Structures are given as structure tokens and as C-alpha cells.
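Here's the structure, in C-alpha cells; my notes come after.
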Amino acid sequence: MSSDSIELRSCHGIEDFRACVGLQKEVWNFTDAELVPLRMFVVADKVGGQVMGAFEGNTMVGFALSVPGTRSGHVYLHSHMLAVRKDHRNSGLGRRLKMLQREEALSRGIELIEWTFDPLEIKNAYLNIEKLGAIVRRYNINQYGITSSPLQGGLPSDRLIAEWWLRSKRVESLLQNGKNAVAPAQVSIAVPAQIYEWKAAADTRMKAQQVQERNREQFLRSFAEGLAVLNYDRDAEGNGKFLLGRWDEKWSYASEP
């Protein structure tokens, strides 16, 4: 399905925010205790965050939620959630929502949007690195604890932190040329296509955890050596591979713990 017929706009009303909460529950199947509540969407809208919605007619089929942050005197946005209904995935809608976030952020002079993502999610990693031009050089272990979402498969909620430097040469070149530049790779970190099956079944979950633990060690070691994720490969069988090297641009705010 093409996303061209979907309307994208900022959300500001209570009904829009209720739709975000409902879609959030549909996509992640969280327990009520783990849902981001309606009030948080209201607050994000009021304090300089972003609530972007994608609508097919009057029905919300996607949304993006971000909140403002500061680091070393710089304002940036933390994109906390990006949700797309199952029947609208693989249509480019997620990327369109991110581009709307970028456009709005730049209109306010904001140059950085960050978000976290699961290192075991192959499609998401490909979108973040190859389609958006984010880089990665930080890793958080079990950031949210063990969550109720089936997508997590009962594993620790390890997260990579995507840094999307909106005015970087890397991002501007990608948007101009339609593809991410290939950088020299010093380290590769693999994610097998079977990871989703392994996470879903109790008798194979240990295999998924072994991949997670192996990759965690590689990421932490590589980031400590000053490397960053610059590219992401997917092969014909659906296996993923992070490619790490040295970023030749100097965009940075002081790191957080």
C-alpha cells in the first residue's frame, strides 16, 4: 500500500491524543500500566514536543511522539514513539512521519532528534541508519526493564540510541541523493533473520538472548573505542548487519549517562 494518500499533520486536540493512545495499545499490546497515557501526549504538545499523526480519512494509522530535552545548553528532541498500523507498514509511512518531525524541528532551529531502538529489530535498524541517516554510538542495557510487549519476547529491553543530526552533511547528502553514503567499516555486528522466531517461542528464546548478549558486548566495546554505526546491510535472506566505523563529522553534544 502506498502512503501517498495518507494525510500527515500535527495533533493538538484531545480526540487526536486519544487516537494515539489507542493505536499505541494496538501496535505494542502493552498492559495499561505500561501505556504512555493521554496526559503525556497533551504535555508533549504544550511544552515544545511533537505529536504528529498520519490519517486515512478520519482514522489514525500512524503517529510519532517526541519530547524536548537539553544537553550542554542545547535543545534537542527525544522521539519516544513511532507507531504505524500493521496494514500500513512497509509503505514508507514511518519515514514520512520522521521527515515531518525533521521539518518541524528545523523550523524552530533544532538540529538533533534522538530516539532509542531495539538492536534486534532488523527493519527498524535499516530505516534508521540507511533511510534516515541516523548514526549510533551509545548503548543502554535493559533501559525499560522486562516489558509486557510480545515484540520484546521477554528479553532485556536493550536499546541503541539513534542520533539524527538534521543539518549534517550525512543527512543532507542522503536526502539529496536518495541513498546513504557507504563508509569504511572496521566492525560488523550481525543479527540473524530468525531472531523474530526465536524471540516468539519459549523453547528458542535462549538463542535470541545469546545473540543479544554477544552483540551487546561488541557494541559496548566498539563504542568505547570511538566507533559509530554508519551503515546497515540486509541480505536476500533477511539477515541484518550493523557496520561500524569512524564518523568524519564533528556533530556532538556532551554525552548523557
Side-chain angles (χ1 to χ4, degrees), residues 1-69 75-108 110 112-118 121 123-129 131-134 143-144 147-152 157 159-164 166 171:
M1 174 184 290
S2 171
S3 66
D4 293 345
S5 62
I6 307 298
E7 177 195 4
L8 271 61
R9 61 172 172 80
S10 294
C11 299
H12 299 292
I14 292 294
E15 291 307 313
D16 283 347
F17 301 147
R18 285 198 178 112
C20 290
V21 174
L23 184 55
Q24 172 194 182
K25 191 165 188 176
E26 177 184 332
V27 168
W28 282 285
N29 197 24
F30 285 139
T31 63
D32 288 347
E34 290 180 315
L35 286 173
V36 173
L38 175 71
R39 288 172 181 254
M40 192 65 234
F41 289 90
V42 175
V43 169
D45 180 48
K46 298 295 185 185
V47 301
Q50 298 170 324
V51 186
M52 307 294 193
F55 295 85
E56 185 173 50
N58 294 322
T59 302
M60 177 177 284
V61 296
F63 76 83
L65 166 68
S66 67
V67 293
V75 176
Y76 70 99
L77 289 167
H78 174 80
S79 185
H80 181 55
M81 280 187 161
L82 175 67
V84 175
R85 278 184 60 174
K86 187 174 183 179
D87 56 354
H88 285 74
R89 290 172 197 164
N90 303 314
S91 67
L93 185 54
R95 186 177 187 274
R96 286 184 64 197
L97 281 164
K98 299 302 292 186
M99 287 299 157
L100 184 60
Q101 285 186 303
R102 178 179 187 269
E103 180 182 341
E104 195 278 338
L106 287 174
S107 75
R108 291 191 276 150
I110 296 172
L112 171 65
I113 300 178
E114 291 186 352
W115 60 92
T116 64
F117 67 100
D118 187 339
E121 290 290 326
K123 288 183 179 179
N124 199 7
Y126 187 81
L127 167 67
N128 295 336
I129 306 305
K131 295 298 186 180
L132 297 175
Q143 176 159 320
Y144 302 109
T147 77
S148 61
S149 173
L151 297 177
Q152 195 66 41
S157 55
R159 293 294 184 266
L160 291 168
I161 297 92
E163 302 174 36
W164 199 22
L166 307 181
V171 171

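Just so you know, residue 1 is the first one in the sequence shown, and it goes up from there. Keep in mind that what you see is a predicted model, and the values were worked out from it rather than measured.
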Here the pair of heavy atoms bringing Ala134 nearest to Ala162 is CB-CB, 4.0 Å
Do the side chains of Gln101 and Leu77 get nearer than 4.5 Å, heavy atoms only?
-> no
From CE (Met99) to CE (Met52), nearest 0.5 Å = 13.0 Å
How long is the gap from CH2 on Trp28 to CE on Met81, to the nearest 0.5 Å?
-> 4.5 Å
Face-on cation placement of Arg159 at Tyr144 ring, 6.0 Å and 45° thresholds | no
Can you label the angle between the Trp164 ring and the Trp115 ring as parallel, tilted or perpendicular, going by 30° and 60°?
-> perpendicular
Under the side-chain contact (heavy atoms from CB on, under 4.5 Å) criterion, do Thr116 and His78 qualify, and how do the steps go?
-> CA-CA 9 Å; Thr116 64; His78 174 80; 4.2 Å; yes
Heavy-atom closest pair, residues Ala44 and Leu65 | CB-CD1, 3.6 Å
Would you indicate whether Glu103, at its atom CD, is surrounded by more than 12 heavy atoms from other residues, nucleotides or ligands within a distance under 6.0 Å?
-> no
Reported OG1-to-NZ distance for the pair Thr31 and Lys25, which is rounded to 0.5 angstrom = 8.5 Å
Distance, nearest 0.5 Å, that separates CD of Gln24 from CZ of Phe30 | 6.5 Å
Donor-acceptor under 3.5 Å (Arg96 side chain, Leu8 main chain) | no
Is Val27 close to Lys86 at the side-chain level, that is, under 4.5 Å between some pair of heavy atoms?
-> no
Please step through side-chain contact (heavy atoms from CB on, under 4.5 Å) for the pair Ile113 and Leu166, ending with a clear verdict.
-> CA-CA 7 Å; Ile113 300 178; Leu166 307 181; 4.1 Å; yes
Indicate the atoms forming the closest heavy-atom contact of Val21 with Pro37, along with that distance.
-> CG2-C, 4.1 Å
Shortest non-hydrogen contact between Phe63 and Leu97, atoms and distance = N-CD1, 3.9 Å
Between CZ on residue Arg108 and CD on residue Gln50, distance to nearest 0.5 Å = 6.0 Å
Say you draw a straight line from CG of Asn128 to NZ of Lys98; how long is it, rounded to the nearest 0.5 Å?
-> 7.0 Å
Side chain to side chain, Asn90 and Lys123, heavy atoms closer than 4.5 Å | yes
Non-hydrogen atoms of Lys131 and Arg95 that approach each other most closely | O-NE, 3.0 Å
Verify side-chain contact (heavy atoms from CB on, under 4.5 Å) between Val51 and Asp16, making sure each step is shown before the conclusion.
-> CA-CA 9 Å; Val51 186; Asp16 283 347; over 6 Å; no
Indicate yes or no: at least one non-hydrogen side-chain atom of Met40 is less than 4.5 angstrom from one of His80.
-> no
Using a 4.5 Å cut-off on heavy atoms from C-beta on, say whether the side chain of Phe117 contacts that of Leu127.
-> no
Does Val84 offer a backbone N or O that forms a donor-acceptor pair with the side chain of Arg89 under 3.5 Å?
-> yes
